[in-house]
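Heads up: the structure comes next, in structure tokens.
Everything numeric in this text was worked out from a predicted model, so none of it was measured.
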Amino acid sequence: MDLPHQLLQQGIKRGSILLSDSFEDKIAGFFFINSRIHPIVQAKTEQFAMQYQLRKRDYDFLRYDSFLSANDLLTRSTAYLAKTIQDGQTSIVGQLTDEDLTAVLEACRESKLFTAKEKRQFFY
């Protein structure tokens with residue numbers, strides 16, 4: 001059964017974890033999950049500080065402990081994301097735990113990597 005586009009948009013909320021093979025547009029801010037921290041990021045103090053560890057025991061879709069790379073904010077519209085879900089390119093695979101979501105948002109609010117506008121729009 002195909003879900004209506006508007007219902008799919010409502011299902012995309014703060015802390016949703018999406019698996020996708022495509023992205024492009026604005027509004028929903030997101031970060032990538034990586035299995036390891038890239039050496040270039042390790043060498044940059046501010047960026048390295050924004051690598052948040054996600055534990056496999058908390059997320060069924062992870063094969064091993066991984067890192068939420070919260071050092072570069074990417075944006076897409078929820079309408080675009082809903083369309084990629086409808087098209088089968090994207091699926092919602094989980095939700096950040098309340099503890100992880102709270103910690104990541106707080107770190108983003110304190111980080112020098114994001115503008116005041118980005119902080120107001122995405123992290124409060």
Open item on the list: Check for me, please, whether Val104 and Phe67 land in the same ILVMFWY cluster - side-chain distances under 4.5 Å, paths through other members count.
Closed with: no

TODO: Give, for atom OG1 of Thr97 and atom CG of Leu54, the distance between the pair rounded to the nearest 0.5 Å.
DONE: 8.0 Å

- [ ] Look up atom CZ in Arg36 and atom CD in Gln51, then write down how far apart they are to the nearest 0.5 Å.
- [x] 12.0 Å

Task: Contact list for residues 37-59, test ring pair (Phe, Tyr, Trp, His ring centres under 6.0 Å), sequence neighbours left out - done: Tyr59-Phe61

Open item on the list: Assigning hydrophobic clusters by single linkage (Ile, Leu, Val, Met, Phe, Trp, Tyr; side-chain heavy-atom cutoff under 4.5 Å), is Phe123 placed with Leu68?
Closed with: yes

Task: Residue pair Asn71 / Glu46, side-chain donor-acceptor N/O under 3.5 Å - done: no

TODO: Please step through side-chain contact (heavy atoms from CB on, under 4.5 Å) for the pair Glu106 and Arg109, ending with a clear verdict.
DONE: CA-CA 5 Å; Glu106 184 59 34; Arg109 291 175 193 137; 3.3 Å; yes

Task: Same apolar cluster: Val93 and Leu101, side chain cutoff 4.5 Å - done: yes

TODO: Assess whether atom CG of Asp98 is packed by more than 12 heavy atoms of other residues, nucleotides or ligands within 6.0 Å.
DONE: no

TODO: Flag yes if Phe122 and Met50 sit in one hydrophobic cluster, no otherwise; membership is Ile, Leu, Val, Met, Phe, Trp, Tyr, and two members link when side-chain heavy atoms are under 4.5 Å apart.
DONE: yes

Open item on the list: Treating Ser66 as the side-chain partner and Tyr64 as the backbone partner, does any N or O pair qualify as donor plus acceptor under 3.5 Å?
Closed with: yes

Open item on the list: Are more than 12 heavy atoms, taken from residues, nucleotides or ligands other than Lys44, located less than 6.0 Å from that residue's NZ atom?
Closed with: no

Task: Where Phe114 and Glu118 come nearest, the two heavy atoms and their spacing - done: CA-OE1, 3.3 Å

TODO: Quick one: closest heavy-atom pair of Ala70 and Cys108, and the distance?
DONE: CB-SG, 4.3 Å

Task: Cluster companions of Tyr124 among Ile, Leu, Val, Met, Phe, Trp, Tyr (side-chain spacing under 4.5 Å) - done: none

Open item on the list: Checking the side chain of Thr84 only, and the main-chain atoms of Leu81 only, is there a donor and an acceptor separated by less than 3.5 Å?
Closed with: yes

TODO: Examine Ile37 and Leu73 and state if one hydrophobic cluster contains both, with Ile, Leu, Val, Met, Phe, Trp and Tyr joined whenever side-chain heavy atoms are less than 4.5 Å apart.
DONE: no

TODO: Identify the heavy atoms of Lys119 and Glu110 that sit nearest to each other, and give their distance.
DONE: NZ-C, 4.2 Å

Task: Distance in Å, Gln53 CD paired with Asp58 CG, rounded so as to fall on 0.5 Å steps - done: 10.0 Å

Open item on the list: Distance check, rounded to the nearest 0.5 Å: Ile85 atom CD1 versus Ile92 atom CD1?
Closed with: 4.0 Å

- [ ] Taking all non-hydrogen atoms of both residues into account, name the closest pair between Asn34 and Ser69 and its distance.
- [x] ND2-CB, 3.5 Å

